[in-house]
Trainee: 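Below are the structure tokens for one structure; questions will follow.
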Amino acid sequence: MTEFFSMGGFGIFIWSAMGIALALMILEPVSLIMKRRSVIKQIKRTKRLDARRKQN
Amino acid sequence: MKINWFKYSAPMSFYPLAGKLIPLFWIAAIMLILGGLYWGFFKTADILNDQKQYYRIIYVHVASAWMAMWLYAVMVFWAMLGLIFNTRLSYMLASATAVTGTVMTIIALATGAIWGKTSWGTYWDWDPKLTTFLILLFVYIGYIALQSAIDDVRRSDKASALLALVGLALVPIIYYAVNCPDPTQCASLHQESSLKRVESNILIGMLVTTLGFWMYSFATTLMRARIIVLERERSTTWVSNLPEISLAETSNSKIEARTETRS
């Protein structure tokens, strides 16, 4: 197992390269999910305000 | 059968279709990337030509570098379609592609630097391939910056589409930066990008992860395009009628429905 992770002494290079790719490829969709939530929240808020204005 | 392609150029029909496709692209992406990496780490030799195990960076490096260039071409395709047909959705897809392209360029540069340290002994060199790839990153960032700098959506779409079009010249330059016809004229540290030089066993892992990265690009681009559609079409009735925009809280409406039946 340790032999696998050491990658013949190049483990730190290989795993940091994989780690950077993984981190960015998780960060991107997570930020998209958060952005989508905030946009939906905003649109709902305007919609609610419009509905209230119509009632009055 | 005649397909009306323009039907899906309307954001209203694109939005639900993309919503259905995104989970499929995610499943494909995760399966292909994990499969490709499994193959690459467990089913291939420890040595490639004169390179030791560090060559395994190839699986993410090549996949992301190819995607970075391919997504640039895709972005220009949508930008051009927007300029020719003046369809709103094309511009939205162009700007949705740009950010994923930027992410891929950063991954390619970072993994390339790490690979360079092990293989050439340096993280960075002003080699033609590396330099042109860095410029690609700047063009991507420039495209995004230009788009956010102009408030008027139509004008920012057109201006950034033109910038994307001009930057297209980079893609062949990046390619020929290493595959130059006369080796005495360009001393490049970066290996020639020739598939023939890669062992077929390693090539399988590389191609499978690349396909996975492609599916990932589809998924994130569609996710971003849907957000852009929502933002730009927010004042339309179809957006207002979407279930996710519905004001009635599901839990509340359930309670109301229950109390109604009781009384």
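Just so you know, these numbers use all the heavy atoms, side chains as well, and skip hydrogens, waters and symmetry mates. As the structure is a prediction and not an experimental result, all values here were calculated from the model. Letters A, B, ... are given to chains in the order of the sequence lines, protein chains preceding strands, and every chain is numbered from 1.
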Trainee: How far apart are the closest heavy atoms of Glu244(B) and Lys44(A), and which atoms are they?
Mentor: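 Heavy atoms of Glu244(B) and Lys44(A) come nearest at O-CE, 3.3 Å.
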Trainee: At a 4.5 Å cut-off on heavy atoms, which part of Ser64(B) comes close to chain A: side chain, backbone, both, or neither?
Mentor: neither
Trainee: In this structure, are over 12 heavy atoms from other groups packed under 6.0 Å from Ile12(A) atom CD1?
Mentor: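 It does not: Ile12(A) CD1 has 12 such atoms or fewer within range.
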Trainee: Could you tell me which non-hydrogen atom of Ile107(B) sits nearest to which non-hydrogen atom of Ala21(A), and how far apart they are?
Mentor: CG2-CB, 3.8 Å
Trainee: Parallel under 30°, tilted from 30 to 60°, perpendicular over 60°: which one fits the rings of Trp15(A) and Phe41(B)?
Mentor: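 Aromatic pair Trp15(A)/Phe41(B) classed parallel.
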Trainee: Side chain, backbone, both or neither: which part of Thr100(B) has a heavy atom under 4.5 Å from chain A?
Mentor: both
Trainee: Relative to chain B, which of Gln42(A), Lys41(A), Met18(A) shows the most heavy atom pairs under 4.5 Å?
Mentor: Met18(A)
Trainee: Evaluate the criterion side-chain contact (heavy atoms from CB on, under 4.5 Å) for residue pair Leu230(B) and Arg36(A); output intermediate values, then yes/no.
Mentor: CA-CA 9 Å; Leu230(B) 278 183; Arg36(A) 179 176 159 84; 3.9 Å; yes
Trainee: Measure across Ile114(B) and Ile20(A) and return the closest heavy-atom pair with its distance rounded to 0.1 Å.
Mentor: CD1-CD1, 3.7 Å
Trainee: Which distance, rounded to the nearest 0.5 Å, do you find between the OG1 of Thr118(B) and the CZ of Phe13(A)?
Mentor: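 That separation rounds to 6.5 Å.
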Trainee: Output the residues of residues 212-225 of chain B for which the shortest heavy-atom distance to chain A is under 4.5 Å, in residue-number order; output 'none' if no such residue exists.
Mentor: Phe213(B), Tyr216(B), Thr220(B), Met223(B), Arg224(B)
Trainee: About how many Å separate OG of Ser38(A) and CD1 of Ile227(B), when rounded to the nearest 0.5 Å?
Mentor: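 The CD1 atom of Ile227(B) sits 8.0 Å away from the OG atom of Ser38(A).
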Trainee: Flag the pair Glu231(B) and Lys35(A) as a salt bridge only when some basic side-chain nitrogen lies within less than 4.0 angstrom of an acidic carboxylate oxygen.
Mentor: yes
Trainee: Take Leu24(A) and Met104(B) through the test side-chain contact (heavy atoms from CB on, under 4.5 Å) and record every step on the way to the result.
Mentor: CA-CA 9 Å; Leu24(A) 282 170; Met104(B) 288 296 149; over 6 Å; no
Trainee: Highest number of heavy-atom pairs under 4.5 Å with chain B: which of Asp50(A), Leu27(A), Ile43(A), Thr46(A)?
Mentor: Ile43(A)
Trainee: Distance check, rounded to the nearest 0.5 Å: Leu247(B) atom CG versus Arg45(A) atom CZ?
Mentor: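 Atom-to-atom, Leu247(B):CG and Arg45(A):CZ are 12.5 Å apart.
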Trainee: Heavy-atom cut-off 4.5 Å, strictly under: side chain, backbone, both or neither for Leu242(B) against chain A?
Mentor: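 Contact with chain A is absent: no heavy atom of Leu242(B) under 4.5 Å.
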